[in-house]
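Single-structure report; data block below.
The analysis underlying the following values was restricted to heavy atoms, covering all of them including side chains, and did not include hydrogens, waters or symmetry mates.
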Amino acid sequence: MATATYREFRVVIQRAGLRRVRSKKHETWEKTLPTGEILLVRLSHRTARDIPTPLFHQMLKQARLTQAEFLALLRGQ
């Protein structure tokens with residue numbers, strides 16, 4: 001899988017434990033790690049559109065997810 005839709009990414013980051021903290025021009029999702037570090041992921045409101053591949057990989061890095069973890073969470077595992 002090279003990319004996903006914004007809707008799929010939203011489902012995955014919710015399952016990964018991030019919570020939406022802001023929803024204006026873009027949604028901002030965050031998660032506090034056990035070390036106290038805060039992860040921030042910004043997501044467009046577009047739902048059914050595909051995320052461009054470079055942006056998809058950047059968002060995976062922000063969420064600290066691998067493609068394998070992303071697919072597992074997408075499948076609900």
field: Residue pairs involving residues 16-25 (criterion side chain to side chain donor-acceptor pair (under 3.5 Å); sequence neighbours excluded)
entry: Arg19-Glu30

- request: Identify the two heavy atoms, one from Leu74 and one from Glu8, that lie closest to each other, and give their separation to 0.1 Å.
  value: CD1-CB, 3.8 Å

- request: Under the side-chain hydrogen bond (donor to acceptor under 3.5 Å, both in side chains) rule, collect the residues that match up with Arg7, sequence neighbours excluded.
  value: Thr47

message: Tell me every residue that passes side-chain hydrogen bond (donor to acceptor under 3.5 Å, both in side chains) with Gln14, counting only those two or more places apart in sequence or in another chain.
response: none

task: Compare every heavy atom of Asp50 with every heavy atom of Tyr6, then report the nearest pair and how far apart it is.
output: CE1-O, 4.0 Å

message: Strictly distance-based, threshold 3.5 Å: is any side-chain N or O of Arg10 a donor or acceptor partner for the main-chain N or O of Thr5?
response: no

message: On a heavy-atom basis, which atom in Ala63 and which in Ile13 lie closest, and how many Å separate them?
response: CB-CG2, 4.4 Å

query: Partners of Arg49 by side-chain hydrogen bond (donor to acceptor under 3.5 Å, both in side chains), sequence neighbours excluded?
result: none

query: Taking ILVMFWY side chains as joined if any heavy atoms are under 4.5 angstrom apart, and letting links pass through other members, which residues group with Leu33?
result: Leu39

- prompt: With Pro54, which residues qualify under side-chain contact (heavy atoms from CB on, under 4.5 Å), at least two apart?
  reply: Pro52

statement: Note: Arg15 and Arg75 closest approach over all heavy atoms is NH1-C, 4.1 Å

message: Is any side-chain heavy atom of Gln67 closer than 4.5 Å to one of Phe56?
response: yes

statement: So CD1 of Ile51 and CD of Gln58: to nearest 0.5 Å the spacing works out to 11.0 Å

- request: Determine, using the 4.5 Å side-chain heavy-atom cutoff (strictly less than), whether Val12 and Leu55 are members of one ILVMFWY cluster.
  value: yes

statement: Correct closest heavy-atom pair for Glu69 and Arg64 would be OE1-O, 3.8 Å

- request: Please check if Leu65 and Val11 belong to a single hydrophobic cluster, counting links between Ile, Leu, Val, Met, Phe, Trp and Tyr side chain heavy atoms closer than 4.5 Å.
  value: no

query: Got Phe9 and Leu60 here, is their nearest side-chain heavy-atom distance under 4.5 Å?
result: yes

